[in-house]
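Below: the structure, in structure tokens.
Each chain gets a letter, A, B and so on, in the order the sequences are listed, and its residues count up from 1.
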Amino acid sequence: MGKEIGITVKKTEDFSEWYTQTVIKSELVDYAPVKGLIVLRPDGYSIWESIKSSLDTKFAATGHRNGFLPTLIPESLLSKEKDHFAGFNPEVFWVTKSGDGDLGDRLALRPTSETLAYTLFSKWIRSWRDLPLKINFWNTALRAEIKATKPFLRTSEFLWQEGHTVHMDKEEAEKEVTDILALYKKTVEEELAIPVITGKKSEKEKFVGAVYTLTMESLMPDGKALQMGTSHFLGQNFSKPFDVKFADKENIESYAWQTSWGVSWRLIGGMIMIHGDDKGLVLPPRVAPIQVIIIPIYYSDEDKEKIQKVSQEIEEKLKIEKIRVQVDNREQLTPGFKFNDWEMKGIPLRIEIGPKDLEQNKVTFARRHNRQKDDQEIEGLVNRVLTELDKIHDDMFADAGKILEEKTVEVSNYDDFKTELEKGRLIKAPICNNPECEEKIKEETSADVRVITDDAEDTNSKCIKCSDQSVIKPLFARGY
RNA sequence: GGGAGCGUGGUCUAGCUUGGUAUGAUUCUGCGUUUGGGACGCAGAGAUCGCGUGUUCGAAUCACGCCGCUCCCA
């Protein structure tokens, strides 16, 4: 047993090392020559493309269109909204030179595009007939992460999409914010098999410059919460400084109501952490670059010819159904090696075809997520592969949901809060109206309010920090 | 912000205390035998030992400086 190749640590024993080894060895990413930056390899990019394509379909159906913005933003624009600027400034990369010459106005490598997009929106929008304006940008954002970098979770440049919409009134804008969060939740559940909890961010944790932020959160196996996507109601906070105005039906000039929202490749990080195991990646079928890997097994030239023919026939049939399938014909490797190799890469379904199977007109299915194997008739195989892939997705989602449920607990005092936190739980705990309590809890435990769910109101308990009457019961955890 | 560890063929690594031809495995290439849970034989390829300066007849090894990476804690 060559334990030294493959992942050398257990997920439960050294999570951080496990994560790094898994993303590198499965060939999703590699480190770039600059600290804090990573390179997406084809398998990693393929997963991102699946997420992108799923979101694009939904965006199109809801009337959003894609555009493209440049990477450089002049300082004068970025600093127009003061809170926003103060929030981002510490991690902005600045371009100050071209060649050896100094530039006039410093240029920021976009940490986010609100200021740039809204400068343009103010030009494009004149009348209520121009609204709603719904644009999405697939691009990257740059935020300097000097320490504590981790592939997909904390890097100085990351792939994401940022949507920006402009509306005539508050109600329509707020509906957009809610609709987008629901769209995100559906995508994450149906593509990545990740269960999430949705709700609002606290005042302290909301997006700088927003009126409020909606979020979806999930809990990672190391007990840290991961923010998987956010949707911001910007109110008129940006339309005023950026002059995003329109003439309404009575020809009265009004400031527009805006939203912005985004998900990033963090989703991929979350997916890896939640589903992976000691053997490496476990990919949900709908985003797996290869969904089905076929391993031919033979002992004689005669068998070889027969089995390769059957493998190819099955491959072709699966391809007709748009299943991403590949036959592993590498001759220098034994089946055992290939099994381990594809398991490390997380391929959801493996089909083994050998002489024993063919004698009975069967093949062997081996599932990655639960490592179960069984025989399948070749007759009607394509349909069974399709069903199996759906079932694998459902199983993975159900398993992850069960774990999230088990790890979500409720406490009523600070001691229990700290105990549960050490166990890596997502903790529901009552707090009062005073923002200082939230602040102190974060200082003392490093846990913060992750999400305030719709049913979080609670006026019958005592604040875990100061014992005053509570107002809400949000979910706390340490975060990524 | 604080701390710890590490940098030697593509990858992992020995050597460093006590300066003198850089160790082994894996990988890769070719040929042959193999193939139902990480096969084997033979032949071959691959390294300015992170960078710089110093000490020395001689530096992977000693000294100083720099750069980079990983992990832990706030």
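For A/Thr20, no side-chain nitrogen or oxygen approaches OP1 or OP2 of B/U70 to under 4.0 Å. Remark: A/Tyr31 is in phosphate contact with B/U70, judged by side-chain N or O atoms under 4.0 Å from OP1 or OP2.
Atom-to-atom, NZ of A/Lys304 to C1' of B/U34 comes out at 11 Å; the value is rounded to the nearest Å. Atom pair A/Glu331:CD and B/U33:P shows a separation of 12 Å (rounding to whole Å applied).
Listed nucleotides B/G38, B/C71, B/G36 differ in distance to A/Pro355; the shortest reach to its side chain belongs to B/G36. For A/Phe337, taking side-chain heavy atoms from C-beta onward, the closest of the listed nucleotides B/G38, B/G37, B/G36 is B/G38.
Residue A/Ser446 is out of contact with every strand shown, counting any heavy-atom pair closer than 4.0 Å. Residue contacts for A/Arg350: at a heavy-atom cut-off of 4.0 Å it reaches a base atom on one of the strands shown. If you check every strand for non-hydrogen atoms under 4.0 Å, A/Leu333 touches a base. Nucleic acid contact for A/Lys442: none, since no nucleic acid atom lies under 4.0 Å from a heavy atom of the residue.
For the salt bridge (charged side-chain N to carboxylate O under 4.0 Å, His left out) criterion with A/Lys465, the lone passing option out of A/Glu444, A/Glu436, A/Glu438 is A/Glu444.
Residue A/Thr334 places no side-chain atom within donor-acceptor reach of the base of B/G37, judged by atom type and a 3.5 Å distance cut-off alone. Side-chain N/O atoms of A/Asp341 and base N/O atoms of B/G38 include no donor-acceptor pair closer than 3.5 Å.
Listed by chain and number, the residues in a ring-ring contact (aromatic ring centres under 6.0 Å, His included) with A/Phe152 are A/Trp265 (sequence neighbours excluded).
Aromatic ring centroids of A/Trp138 and A/Trp48 lie under 6.0 Å apart.
Closest of all the heavy-atom pairs between A/Leu37 and A/Ser156 is CD2-CB, 3.8 Å.
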